[in-house]
Visitor: 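Take a look at this one; I'll ask things after.
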Amino acid sequence: MFAKAFRVKSNTAIKGSDRRKLRADVATAFPTLGTDQVSALVPGKEELNIVKLYAHRGDAVTVYVCAGNPILFELEKNLYPTVYTLWSHPDLLPTFTTWPLVLEKLVGGADLMLPGLVVPPAGLPQVQKGDLCAIALVGNRAPVAVGVAAMSTTEMLTSGLKGRGFSVLHTYLDHLWRSGDKSSPPSLAPPAQDTPDVNEEKGSVQAEPALQGEMKRLTLEGEDKENGEVQQQLCGEKSLSEAAEDPGVRGLNPEPTDSKTLQEQMDELLQRCFLHALKCHVKKADLPLLTSTFLGSHMFSCCPEGRQLDIKKSSYKKLSKFLRHMQQEQMIQVEELSRGVESIVAVDWRHPRKGSVLEGGEVRTIIINYAKKNDLVDADNKNLVKLDPILCDCILEKNEQHTVMKLPWDSLLTRCLERLQPAYQVTFPGQEPIVKKGKICPVDITLAQRAYNKKVTVVRNLEAYGLDPCSVAAVLQQRCQASTTVTPAPGAKDSLQVQIQGNQIHHLSRLLLEDYHLPRKYIQGLEKAPKPSKKK
């Protein structure tokens, strides 16, 4: 947009009311910025000008200039940061990486094509079509361009990283940058990567790739030390404080459960962001707190990466209605301290909530404390627990209700765990933990027959372990010297499978076990590797 010189229509100092409106617009457009950051970006006393101009293609653009540098520009009522602003806030937008040689093309007005992307160890950021993104160069996290995603991350991977990825609006070295102090990007180191680590004592498996850094860190938490099975978790009761610290609250799965409607998914996201904001952002000293500030400065920043909090898509439609519901649940108290302006004046920090995820050790602690608190430990035999009506309803079958009066501790705990729904938790670097119901599916390796009796090796479920199918396919293509393809996995939504010509299970085994350090028990199909030929 600014690859060629633009024509300035007017340049005026901003009014006080327009300055306040700009702050509000910035807070809405970039909810991850805190109040102090917004105030620093749009200061109250420093010189701030509004420049109205026409780009070389005729687009009418409004540019906000602070202390001589353009900090924001507005196009068709959408607000965009300049590279000067992104150098001070490098994490403001999802950032994609390209090669230094590509910058010259972008400055000349070209869009960024997907083959020019560099896939980092943590994988590509999760974005949707139309999302605002930043573009940085290999080795430096400081953005050099601002653009709009032409497709979602899933579509990028499905396409095999082919086609147009981003419509570029503004770059370092373009004419908008030249209107400022013409400073160079700061040197910002990329996020540090941890070394591979396998920690069996703590019941977790952590891994990073030794090959081309293509795998994210993986942690399977809650793994039982004795039998190696992922420990069961259950829905129980926790206080508001505990619930907000719960992995399920902090790390809402960015890929919602398919069985839920979009409205139900938004209701769940809204409630979890609400709980997380109360626990991790709001302090007692902040009360009373304007409800609009609570939403803009706290709830939005708690939204997981790849998700967008939109109250209008929830069943509540309005923030006031949602907060009234939370007040009816006795979590908060909302009052109209001034006419037409509502504030949160009190929070019940110890309010219980059902549906929290608990580990097996927490279940045992809850049951033991319950039995002791209600004097259910048998006085004559400390190994037995008397069953009160609540425990009877929870763990006994109908034909046992009037016959079983006591149970040993181990039997009581085992019965409780057996009646709970299993779940697993996966943690990737730089992301909140992801909790999913059920058991984690292993990496599935199969052999398929194709035309002319040719065999192909098919690999599925790589995404569950933080592996990018496109990156794995590229590595296998080099190692096996065979053609590879990435296609949608049949019967699985938003999942890809890798196909390699021939029986390549030996190469896959070395890649997954030795380079990516995946535990063998999470891989099925390794036994189908070709048997070594006998020497004559």
Visitor: Would you say Q37's side chain and G34's backbone share a donor-acceptor pair under 3.5 angstrom?
Guide: yes
Visitor: Do the non-hydrogen side-chain atoms of F30 and L41 ever get within less than 4.5 Å of each other?
Guide: no
Visitor: Could you tell me if the side chain of R272 sits less than 4.5 Å from the side chain of E268, heavy atoms only?
Guide: yes
Visitor: Please report the interatomic distance OG1(T97) to CG(L124), rounded to the nearest 0.5 Å.
Guide: 9.0 Å
Visitor: Under 3.5 Å, side chain of H298 to main-chain N/O of V282, donor-acceptor pair present?
Guide: no
Visitor: Look at the side chain of S314 and the backbone N and O of Y316, then say whether any donor-acceptor pair between them is shorter than 3.5 Å.
Guide: yes
Visitor: Decide yes or no for F166 and V148: does some side-chain heavy atom of the first lie under 4.5 Å from some side-chain heavy atom of the second?
Guide: no
Visitor: Could you tell me whether a side-chain N or O of W87 sits under 3.5 Å from a main-chain N or O of P143, the two making a donor and an acceptor?
Guide: yes
Visitor: Can you tell me how far OG of S179 sits from CG of N11, rounded to the nearest 0.5 angstrom?
Guide: 10.0 Å
Visitor: Stepwise, does the side chain to side chain contact (heavy atoms under 4.5 Å, CB included) test hold for E155 with S152?
Guide: CA-CA 5 Å; E155 291 170 332; S152 68; 3.2 Å; yes
Visitor: Quick check: do V459 and Q497 have side-chain heavy atoms less than 4.5 Å from each other?
Guide: no
Visitor: Could you give the distance from CD1 (I50) to CD1 (I14), rounded to the nearest 0.5 Å?
Guide: 4.0 Å
Visitor: Do the rings of F2 and F6 sit parallel, tilted or perpendicular, given the 30° and 60° boundaries?
Guide: perpendicular
Visitor: In terms of the angle between their ring planes, are F73 and Y80 parallel, tilted or perpendicular, with boundaries placed at 30° and 60°?
Guide: parallel
Visitor: Using atom types as modelled and distance alone, determine if a side-chain donor or acceptor of T85 lies under 3.5 Å from a backbone N or O of P81.
Guide: no
Visitor: List the steps and the verdict of ring-ring contact (aromatic ring centres under 6.0 Å, His included) for F322 and F274.
Guide: CA-CA 10 Å; F322 170 72; F274 167 82; 5.4 Å; yes
Visitor: Rounded to the nearest 0.5 Å, what's the gap from CE on M331 to NE2 on H325? Could you check?
Guide: 7.5 Å
Visitor: Start with the C-alpha gap between D515 and R479, add the side-chain angles, then the distance that decides, and say whether salt bridge (Lys or Arg N to Asp or Glu O under 4.0 Å) holds.
Guide: CA-CA 13 Å; D515 295 329; R479 285 200 173 187; 2.4 Å; yes
Visitor: Could you go through R178 and D174, starting from their C-alpha distance and side-chain angles, then the distance that decides it, and tell me whether this counts as salt bridge (Lys or Arg N to Asp or Glu O under 4.0 Å)?
Guide: CA-CA 6 Å; R178 293 183 193 179; D174 70 5; over 6 Å; no
Visitor: For the residue pair E342 and V334, establish whether any side-chain heavy-atom pair is separated by less than 4.5 Å.
Guide: yes
Visitor: Is it true that atom CD of Q330 has more than 12 heavy atoms of other residues, nucleotides or ligands lying nearer than 6.0 Å?
Guide: no
Visitor: Tell me, do L48 and V42 make a side-chain contact under 4.5 Å, heavy atoms counted?
Guide: yes
Visitor: What pairs of residues pass the salt bridge (charged side-chain N to carboxylate O under 4.0 Å, His left out) test when at least one of them lies in residues 308-333, not counting sequence neighbours?
Guide: none
Visitor: What pair of heavy atoms forms the shortest contact from A473 to T484, and how long is it?
Guide: O-OG1, 3.3 Å
Visitor: Please step through side chain to side chain contact (heavy atoms under 4.5 Å, CB included) for the pair C303 and Q308, ending with a clear verdict.
Guide: CA-CA 7 Å; C303 189; Q308 183 174 0; 5.6 Å; no
Visitor: Just by modelled atom types, is the T35 backbone N or O under 3.5 Å from a matching donor or acceptor in the R23 side chain?
Guide: no
Visitor: Within a strict 4.5 Å, meaning less than it, do heavy atoms of the V498 and L462 side chains meet?
Guide: yes
Visitor: Can you sort out the partners of D111 under salt bridge (Lys or Arg N to Asp or Glu O under 4.0 Å), two or more places apart, ordered by chain and number?
Guide: R164
Visitor: As an exercise, state the distance from CG of L323 to CD of Q327, rounded to the nearest 0.5 Å.
Guide: 9.0 Å
Visitor: Do you know which two heavy atoms are closest between A136 and T95, and how far apart they sit?
Guide: CB-CG2, 3.8 Å
Visitor: Using modelled atom types and a 3.5 Å cut-off, is there a donor and acceptor pairing between side-chain atoms of T98 and backbone atoms of G116?
Guide: yes
Visitor: So, taking the atom named CG in L72 and the one named OH in Y84, what distance separates them when rounded to the nearest 0.5 Å?
Guide: 14.0 Å
Visitor: Given side chain to side chain contact (heavy atoms under 4.5 Å, CB included), test D286 with K284 step by step and report yes or no.
Guide: CA-CA 5 Å; D286 296 330; K284 291 183 179 179; over 6 Å; no
Visitor: Can you name the nearest heavy-atom pair linking L132 to P94, along with the distance?
Guide: O-CD, 3.5 Å
Visitor: Does the side chain of L161 come within less than 4.5 Å of V119's, by heavy atoms?
Guide: yes
Visitor: Could you report the tightest heavy-atom contact between N49 and A13, atom names first, then the distance?
Guide: OD1-CA, 3.9 Å
Visitor: How close do L112 and V168 get, counting heavy atoms only, and between which atoms?
Guide: N-CG2, 3.8 Å
Visitor: I'd like to know if the side chain of T153 reaches the main chain of P125, judged simply by a donor and an acceptor atom lying under 3.5 Å from each other, with no hydrogens or angles considered.
Guide: yes
Visitor: Under the 3.5 angstrom rule, does the side chain of N69 hit a backbone N or O of D181 as a donor-acceptor pair?
Guide: yes
Visitor: Will you find, in the side chains of S187 and N140, an N or O donor that is under 3.5 Å from an N or O acceptor?
Guide: no
Visitor: Indicate yes or no for a side-chain donor-acceptor contact from E463 to the backbone of L496 under 3.5 Å, with no hydrogens or angles considered.
Guide: yes
Visitor: Give the intermediate values and the outcome of side chain to side chain contact (heavy atoms under 4.5 Å, CB included) for residues Y516 and L511.
Guide: CA-CA 6 Å; Y516 293 157; L511 180 66; 3.8 Å; yes
Visitor: Ignoring hydrogens, what is the shortest heavy-atom contact between K162 and L114? Give both atom names and the distance.
Guide: O-CD1, 3.4 Å
